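Everything quoted here is computed from the prediction, not taken from an experiment. Counting from 1, the numbers follow the sequence of the chain as shown.
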Amino acid sequence: MEEITKLATTCRVATPHDVVTNSECVYTFHSPYTTEKGIIVNLATFVGTVEELAFTSSDNDCAESSALFVRICKKRVPKEKDGDDDNAEQMEAVKLGVGVEGGFQSDQDKYDTISTYSIVLMGKNADSGGKAQVLVEMPYDDDSKNAFPMLVAQSADAIIHHAGLAVKQDLTAWELDDEPKPVSKYAESLPFVENGVKVSPNPSDWKCEKSGDTENLWLNLSDGFIGGGRKNWDGSGGSNGALDHFMEAGEKHPLVVKLGTITEDISTADCYSYAKDEDGPVNIPNLKELLEKRGIMVAGMQKTVKSTAELEVELNATYAFDAITEKGAHLIPVAGPGLHGLQNLGNSCYMNSVAQMLFSGTIPELSSRYGSKDGVINNSLLTISPTKASDDLLCQAAKLSSALSSGEFCGPVPKSAEVSDPSTSDPKHRLAPRMFKHVVGHDHVDFRTGQQQDAAQYFQYLLEKIDRAELGAGDRLKSKDGSGPALVSSHLFSYKTESRLVCEADNMIKYKESPPEPMLSLRIPMSKSTLPDTNMPDLKRQKSEDPVDEDKEKKEVPTVSFNACLDEWSAVTSIDDYRWPHLNNSTSRATSQNRFVNFPRYLLVHMQRYELGEDWQPHKIEVDIDVPEEISLQKYKGTGPQEGETLVPEETKGSEEATAAPAAPAVDEGALGQLMDMGFNMNGCKRALMAVGGSNVEAAMNWVFEHNADPDFNDPLPEGGAAAPAAAPSSSDVDETVVMSLVENLGCFTADQVRAAVKHCSGAADRAADWLFSHMDDLDGAIAALESTSTAATTEGTSTGKSTTPLEDGDGKYNLVGLVSHIGKNTGSGHYVAHLKKDGKWVIFNDEKVALSEHPPTRHAYMYLFQRSDTVGAPNSEY
């Protein structure tokens with residue numbers, strides 16, 4: 001105890017606004033459930049890790065040599081059953097609810113959770129290279145807590161009872177889609193009954209005055225009555241004592257507060273109005289004064305129970321939606337390395353499908369870089385301070401890939417792939433990629449929400465973020481020979497196209513080469529579709545696995561071959577009024593044809609299955625794509641200038657500068673997302689927005705309708721000014737009118753701070769404001785980090801960046817190794833599922849459900865992943 005007492009002054013007490021990682025290690029998916037050691041949470045930084053990584057840092061000379069932690073261990077044990085419980089378990093669910101009679105059984109019905117805690121003094125072992133070791137460990141519970149210094153006990157209690165980062169991130173996404181809580185109109189003039197009731201400060205004295213329940217208790221702010229909360233939307237929940245009392249008292253006292261959610265920060269308390277014209281969560285500005293009248297002094301009070309919003313997130317996370325429509329009972333479940341599902345965090349199937357495709361072993365180069373063969377804690381990308389780990393993309397990508405590719409957290413193979421109640425899944429085997437989702441999407445207007453998003457758009461955005469992080473990784477990510485920065489991940493997918501332009505005025509030819517692109521987007525030429533023979537057995541089998549409406553089987557769905565889509569992409573097209581520099585910038589008709597400059601190691605193909613209907617809403621094209629598992633693209637390879645061709649004279653540097661276009665405006669990500677939701681390709685949407693100033697969606701839509709037939713509409717944007725919107729603009733590109741407007745309207749930031757935020761957010765004022773407020777705790781440090789990353793990326797990108805590194809090339813023969821399919825009317829709704837080829841067999845990844853699939857829906861996929869045949873079994877050693 002003496003050693004613990006010496007460090008007591010280093011402990012801090014977490015407030016509701018602090019970030020506390022008490023449910024998961026920031027470096028791995030270890031949780032309090034996974035091992036008997038659970039996780040340890042630092043009493044000063046509130047960061048949870050496994051023991052071995054407690055003092056991880058990129059600085060080997062880190063000054064911290066010892067620290068206090070609270071160990072959190074949890075174990076789930078089955079409840080003792082009686083005869084009635086056995087019968088209830090055998091009955092099938094007949095109600096759409098969890099934990100109610102006739103519904104699905106919840107964890108609370110089947111299991112008890114045993115939690116144990118201890119205070120741990122960790123130190124560095126000098127004899128083992130500074131590895132973390134346990135110096136002192138003492139049990140911590142209600143009987144022993146008084147033996148610890150007060151600050152240690154308060155710190156430990158605050159961490160144990162804190163909502164935690166996982167729930168906080170879920171709440172953030174949830175609340176982005178919800179309206180802010182209104183101020184109750186009854187708060188200011190709320191009647192107060194002088195009945196002498198005082199509320200005990202000891203939570204163990206609180207109980208429902210009707211049922212005697214000791215959980216989910218609400219205090220009536222008018223008369224001091226304590227009653228149980230009302231039931232959740234599925235029938236589970238409290239005893240309804242507080243609501244019944246409100247009704248029995250003549251509906252005169254509508255405002256209640258949840259006991260256990262009251263802290264010094266009174267705004268975080270869970271308040272509710274039972275009034276018929278409000279009937280929902282509310283803010284009560286004078287809550288502190290009302291509580292003091294009942295003897296409750298908020299100073300020093302700590303949160304001890306979950307709020308209604310936190311319970312709502314938890315309830316939705318365990319609700320068995322799939323139990324209603326599951327069709328996979330015939331599938332054979334599998335588990336192991338590369339065969340671990342991901343928990344759906346609420347409309348996160350688009351992210352899960354892309355993450356499985358990239359990090360579960362289908363692309364061995366990324367598994368080599370981000371995974372680990374020697375356990376989930378051994379990866380150089382994890383060498384970052386615990387306080388920075390949850391917000392570091394490379395660390396979180398390594399955490400995710402290591403868990404998926406190693407199979408370390410896999411449980412026993414299920415007896416059936418049929419989904420029943422996901423809440424029965426053992427938490428020690430569940431992977432919930434919350435930190436990964438947050439670090440990728442926290443500064444994106446769409447991906448930070450809990451709404452469904454476009455998987456193709458997410459793939460492009462994720463790859464851009466990973467590239468930037470890799471370029472700024474410094475010593476954490478070097479080339480294999482250590483001579484410089486490693487190749488960026490997008491290099492695996494990058495291809496260039498060659499456009500052959502023929503001037504009809506003089507038949508002179510011009511060759512243009514595009515910048516690298518990571519995804520090929522193909523239109524579907526319905527004019528080349530055919531009606532299939534519905535008696536074909538293969539087609540019948542594929543329809544049986546296709547998860548769309550059964551009505552589709554009754555329709556005659558046309559089929560377009562994959563080669564027809566490629567032919568359409570590479571067909572000769574006409575361009576009216578093309579401006580030719582060699583004709584003194586006069587215009588003349590031209591023809592253009594696209595070809596590949598190189599064939600990348602992996603080719604990701606996006607099928608444009610959605611088009612804008614007459615109602616201006618995106619609609620799915622009812623069509624099957626006949627995609628063979630082996631393809632050859634050799635005939636689509638560009639040849640460059642040929643003998644006998646007369647080439648257009650190259651433009652001199654002077655003429656280029658004279659005709660150079662002004663700097664392109666920054667593209668607003670929100671507007672870009674809206675256009676892409678309508679079914680258009682990212683490149684075309686960027687062209688449209690840049691043509692109309694960067695953010696006007698309506699004007700951009702008009703431009704799209706006028707130009708969507710242009711042959712270069714979907715081509716990658718040219719390098720230079722037009723490519724600028726894809727990356728953060730330089731300081732000279734920042735719109736000073738936006739900067740000064742924010743400085744004036746926000747009133748608490750300097751022009752330099754606002755300028756840095758606007759630059760980081762690509763000119764989007766609303767996102768810049770959000771970024772500033774979300775980094776107020778250490779704004780100068782956050783801006784310094786931005787500048788450091790930008791400088792590193794610029795420096796390294798200049799010498800070894802994407803534009804100067806030779807792209808991979810091969811013979812153009814490819815094997816199909818992955819699919820991402822979409823079920824629904826448009827990409828912003830519905831559900832995504834991935835099919836990946838593992839050891840020659842197709843496997844379906846439907847969030848947490850992983851099973852063998854004999855007939856993957858290759859005709860219905862939204863994204864197709866091909867691997868060049870000559871690279872199979874020969875991964876790029878640079879990764």
Side-chain angles (χ1 to χ4, degrees), residues 338 353-371 379 381 393-394 397-398 400-402 404-405 440 455-473 477-481 484-497 514-521 596-606 631 633 637 682 716 726 793 796-797 800-820 834 836-838 863-879:
S353 298
V354 172
Q356 291 283 8
M357 181 176 67
L358 293 178
F359 297 119
S360 69
T362 302
I363 301 175
E365 291 82 1
L366 295 184
S367 296
S368 174
R369 170 169 292 180
Y370 289 102
N379 190 310
L381 295 176
L393 177 55
L394 299 184
L400 179 60
S401 183
S402 295
L404 291 176
S405 58
V440 173
Q457 183 183 357
Y458 182 77
F459 167 79
Q460 291 178 294
Y461 181 76
L462 172 61
L463 215 54
E464 287 181 6
K465 289 209 70 167
I466 289 178
D467 280 359
R468 290 199 292 269
E470 289 173 339
L471 288 171
L477 191 64
K478 288 285 188 179
S479 60
K480 292 297 183 181
D481 60 7
L487 290 176
V488 293
S489 292
S490 66
H491 189 83
L492 295 165
F493 306 89
S494 294
Y495 68 93
K496 290 183 178 182
T497 57
S514 74
E517 279 290 308
M519 186 174 75
L520 176 65
S521 187
F596 286 100
V597 172
N598 69 293
F599 292 128
R601 178 173 288 258
Y602 298 95
L603 180 65
L604 187 69
V605 179
H606 162 236
I631 62 172
L633 305 180
K637 185 68 174 287
M682 177 181 282
E796 296 176 20
T800 58
K802 291 182 257 186
S803 61
T804 59
T805 303
L807 298 178
E808 288 196 54
D809 200 4
D811 60 6
K813 294 180 180 179
Y814 284 89
N815 297 330
L816 182 63
V817 295
L819 309 168
V820 173
L836 303 174
K837 186 169 281 189
K838 303 282 187 176
M863 299 163 66
Y864 295 84
L865 178 66
F866 294 92
Q867 181 177 6
R868 212 173 64 233
S869 303
D870 60 337
T871 69
V872 176
N876 189 330
S877 60
E878 285 299 312
Y879 290 86

[atom2] on [Y] to [atom1] on [X], rounded to 0.5 Å:
{"X": "Ser494", "Y": "Asp467", "atom1": "OG", "atom2": "CG", "result": "7.5 Å"}
{"X": "Leu604", "Y": "Glu517", "atom1": "CG", "atom2": "CD", "result": "11.5 Å"}
{"X": "Leu865", "Y": "Leu603", "atom1": "CG", "atom2": "CG", "result": "8.5 Å"}
{"X": "Leu807", "Y": "Arg601", "atom1": "CG", "atom2": "CZ", "result": "12.5 Å"}
{"X": "Thr871", "Y": "Glu808", "atom1": "OG1", "atom2": "CD", "result": "7.5 Å"}
{"X": "Leu487", "Y": "Tyr879", "atom1": "CG", "atom2": "OH", "result": "4.5 Å"}

Apply side-chain hydrogen bond (donor to acceptor under 3.5 Å, both in side chains) to [X] and list each qualifying residue two or more places apart in sequence or on a separate chain.
{"X": "Ser521", "result": "His606, Gln608, Asn681"}
{"X": "Ser360", "result": "Lys838"}
{"X": "Ser489", "result": "Glu470"}
{"X": "Gln460", "result": "none"}

Heavy atoms of Lys637 and Asp809 approach each other most closely as NZ-OD2, 3.0 Å
Minimum heavy-atom distance Gly371-Asn379, with the two atoms named:
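The pair with the smallest heavy-atom distance is O-ND2, 2.9 Å.
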Listed once per pair and sorted, the salt bridge (Lys or Arg N to Asp or Glu O under 4.0 Å) pairs that draw on residues 810-820, sequence neighbours left out
none
Residues in ring-ring contact (aromatic ring centres under 6.0 Å, His included) with [X], at least two apart?
{"X": "Phe596", "result": "Tyr495, Trp569, Phe599"}
{"X": "Tyr814", "result": "none"}
{"X": "Tyr864", "result": "none"}

Has the side chain of [X] got a donor or acceptor atom that lies under 3.5 Å from a matching backbone atom of [Y]?
{"X": "Ser405", "Y": "Ser401", "result": "yes"}
{"X": "Ser490", "Y": "Pro518", "result": "no"}
{"X": "His491", "Y": "Pro806", "result": "yes"}
{"X": "Ser368", "Y": "Pro364", "result": "no"}
{"X": "Asn815", "Y": "Gln867", "result": "no"}

Stepwise side-chain contact (heavy atoms from CB on, under 4.5 Å) check, Met357 with Leu836:
CA-CA 7 Å; Met357 181 176 67; Leu836 303 174; 4.2 Å; yes
Contacts of type side-chain contact (heavy atoms from CB on, under 4.5 Å), residue Val354, not counting sequence neighbours
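Val354 satisfies side-chain contact (heavy atoms from CB on, under 4.5 Å) with Leu358, Ala455, Tyr458, Phe459, Leu462 once adjacent residues are dropped.
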I'd like to check Arg369 versus Leu477 (side-chain heavy atoms, cut-off strictly below 4.5 Å). Are they in contact?
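They are in contact (side-chain heavy atoms under 4.5 Å apart), so the answer is yes.
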May I ask you to test the Leu520-Phe866 pair for a side-chain heavy-atom distance under 4.5 Å?
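With C-beta onward as the side chain, the pair stays apart.
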Would you check, one step at a time, whether the test side-chain contact (heavy atoms from CB on, under 4.5 Å) holds for Tyr461 with Val440?
CA-CA 9 Å; Tyr461 181 76; Val440 173; 4.2 Å; yes
